[in-house]
Amino acid sequence: MADKNAIPKNREWNPDFVGIGVFIIICLMSKANQNQQDVSDETQQVCKDDGIIVMKNITKRFDHLLVLDNVSLAIEAGKTTVVIGPSGCGKTVLIKHMIALLRPSSGEIYFKGDRIDNLSENQLSKIRTSYGFLFQGGALFDSLNVKENILFPVKQHYKVTNHSGSDDLVKMKLAMVGMDGFQNYYPDKLSGGQKKRVALARAIALNPEVILYDEPTTGLDPIRADIINELILKLKSGLGHTSVVVTHDMKSAYKVGDRIIMLHHGKIIADGTAEHIKNHPHPKVQQFINGEVSEDDLAVLRMSGSDLRSQFLPRDFEE
Amino acid sequence: MGESALAAFGSKALEDFNNAGRCSRFIWRGLTGSFKNLFSARYYQLTWNQMNIIGVRSVPVIMVTGAFVGMTLAIQAYDQLAFMGLEERLGVLINISVVKELGPVLAAVMLAGRIGGALTAELGTMKVTEQIEAIRSMGTNPIRYLVAPRVMACLLLTPFLIIYADLLGIMGGFFVSVLQLGVNSGAYWSYSASGVEFWDLSIGVIKGFFFGGAIASISCYKGFHCREGAEGVGQACTEAFVASFISILALNFAMGLIFKAIYNTFWPLRVLL
Ligand SMILES: Nc1ncnc2c1ncn2[C@@H]1O[C@H](COP(=O)(O)OP(=O)(O)OP(=O)(O)O)[C@@H](O)[C@H]1O
Ligand SMILES: [Mg+2]
């Protein structure tokens, strides 16, 4: 009897010791991490009037996945800000917060000095007409043709009476992205790049003050991509639009960006002009902009052994 | 062990509670959105389109459903009534069952399959391809643009579709009874006319109003909250059908109780009219 009691007692004590040990180790590690981050983190303190869009201490979690970790960022009016970063680092999540399509887990978002992250959807609808948002996948309405897609935001906010005028508007916006003549096509008949360009035409249909581009040049051939770059530049110089561009394409980033921000593990690790980024000391930044594979990634490839086959034959799938 | 099972149960219950809350809020917003759309001409065209898709194209399947219900009832009930020598009363039995219960419920189940599935798949695909977010990003309320016209179309048209189902059910019952089973036609109708009241017919039609609202709002809710990917859309469709079916049955039971109470209360007063 006594023996049986003794064993559980030991078991009760053990986890506590382990727990305390783990706790101490975690504390030490987070201390060490903090020191490391102080060097690499280029997050600046912001105040709500620092720019047209201001994100203050934004943290975003999906369940337990931490995507944005206390990010602060002020987007200057009339400038083009480029966001770069590896795939899956939260660029789309970041840009969706700027228009309050996603709400932060904590932190504040301001548009022209007014807080927007706590507004209701109905209150936001007026504010959102000042924005154009190009979705990464285009997000064209597949029940509407190209013309109706582009007129959608116009019809939602204005009473269209002059139909030849609206035709002209569609024609002009489509010509800007090199898609004039496709008015009556449905999105399922368009290629990926064509969809993207129509989506861009839709995003600028209301002449918004702020345009948010999620990977505008991905999936386009180099010449088209450069035309889009020129378009972004033209919108800035002509009407003084503010742009935020998410991209992987460094050529485009250098060309259109007044300021480049690099996101990594939910933090801003680099922030500055193209020159600043090109000469940035952080190894992750250098790897990313030069498109180099890290030693760790190569090691994984090597580990998979000598018989790494690049092609399978039909017999490989036979039982 | 016991504690963790309890915790799991608790968190599951909380989650279900959350979902139920979210769903009721969604339904409430869909209904208020439909109501608001009544006063805004911009949405008439959308509602009209949905009425065409939802209502007009459902007429054939609904009529087939009704006809089979009536015909089957006639065949099943005939023997029992003939045994008691009451076959001329077949009309009352068939028509009451069709008009009050089977017509509305089976038509609604048919609609849940036909339009519920389509609505969920359509809105679910729009959700996973970010089209619903795109609507939001352009400052439009997706509830009013997408959900309200569909809910409104279902609310308005399900009662009419149920009338179609009733009509074909009555005709199906009549043809089988009179032509195939040889019941006297005059007696069939006169018993039916004395047995089925306007009250019975209105119950069926009023039920249709609620069934339509439930089908549309549940299907839209499932579409709006479906998970990413083709599998997510498929699962949402299944869930939407099951949930619509259950709520049709539950609503039918609840309304049966309520109408019975109303009937019993006001029946004596009818004499005064
Ligand atoms: N709605 C969501 N629910 C759960 N997790 C999400 C959601 N949206 C994004 N995530 C997660 O957030 C992380 C960042 O996603 P995000 O789409 O922002 O990446 P990204 O930087 O845009 O990548 P890419 O360059 O490939 O587009 C991913 O790990 C993703 O799984
Ligand atoms: Mg992205």
A.B. asks: Side chain, backbone, both or neither: which part of A/Ala100 has a heavy atom under 4.5 Å from chain B?
C.D. replies: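 Only the backbone of A/Ala100 comes within 4.5 Å of chain B.
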A.B. asks: Can B/Glu239 and B/Gln235 be counted as having a side-chain donor-acceptor contact under 3.5 angstrom?
C.D. replies: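 A donor-acceptor contact under 3.5 Å links the two side chains.
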A.B. asks: Evaluate the side-chain proximity of A/Met98 to A/Val244: yes if any heavy-atom separation is below 4.5 Å, no if none is.
C.D. replies: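 They are in side-chain contact.
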A.B. asks: Taking the six-membered ring of A/Phe62, is NZ or CZ of A/Lys60 closer than 6.0 Å to its centre and within 45° of its axis?
C.D. replies: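 Verdict for A/Phe62: a cation-pi partner in A/Lys60.
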A.B. asks: Taking the cut-offs as 6.0 angstrom to the six-membered ring centre and 45 degrees off its axis, would you call A/Arg202 and A/Phe141 a cation-pi pair?
C.D. replies: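 Yes, A/Arg202 lies over the aromatic ring of A/Phe141.
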A.B. asks: Under 4.5 Å from any heavy atom of chain B, what part of A/Asn122 do you find: side chain, backbone, both or neither?
C.D. replies: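 For A/Asn122, side-chain heavy atoms alone lie under 4.5 Å from chain B.
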A.B. asks: Tell me, for A/Leu140 versus chain B, whether the close heavy atoms (under 4.5 Å) come from the side chain, the backbone, both or neither.
C.D. replies: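 For A/Leu140, the backbone is the part near chain B, not the side chain.
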A.B. asks: Is a side-chain donor-acceptor pair under 3.5 Å present for A/Asn207 with A/Lys173?
C.D. replies: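 On atom types as modelled, these side chains qualify, holding a pair under 3.5 Å.
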A.B. asks: What part of B/Arg42 is in contact with chain A, defined as an atom under 4.5 angstrom from a non-hydrogen atom: side chain, backbone, both or neither?
C.D. replies: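 Only the side chain of B/Arg42 comes within 4.5 Å of chain A.
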A.B. asks: Pick one of side chain, backbone, both or neither for B/Ser137, based on which atoms fall under 4.5 Å of a heavy atom in chain A.
C.D. replies: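 Interface part for B/Ser137: both.
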A.B. asks: Tell me yes or no: between the side chains of B/Gln131 and A/Asp142, is some donor less than 3.5 Å from an acceptor?
C.D. replies: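 The criterion, which ignores hydrogens and geometry beyond distance, is satisfied for A/Asp142 and B/Gln131.
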A.B. asks: Measuring heavy-atom distances to chain B, does A/Lys96 have an atom under 4.5 Å in its side chain, in its backbone, in both, or in neither?
C.D. replies: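 Contact with chain B involves the side chain of A/Lys96 alone.
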A.B. asks: Given that the side chain runs from C-beta out, which part of A/Ile99 has a heavy atom under 4.5 Å from chain B: side chain, backbone, both or neither?
C.D. replies: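 A/Ile99 touches chain B through side-chain heavy atoms alone.
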A.B. asks: Please state whether the side chain, the backbone, both or neither of B/Ile135 comes within less than 4.5 Å of a heavy atom of chain A.
C.D. replies: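 When you check distances to chain A, atoms from both the backbone and side chain of B/Ile135 fall under 4.5 Å.
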A.B. asks: Answer with side chain, backbone, both or neither: which region of A/Gln156 has an atom nearer than 4.5 Å to a non-hydrogen atom of chain B?
C.D. replies: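 Both parts, backbone and side chain.
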A.B. asks: Are side-chain N/O atoms of A/Gln136 and A/Thr92 paired as donor and acceptor at under 3.5 Å?
C.D. replies: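 Checked: A/Gln136/A/Thr92 side chains pair up, N/O donor to acceptor below 3.5 Å.
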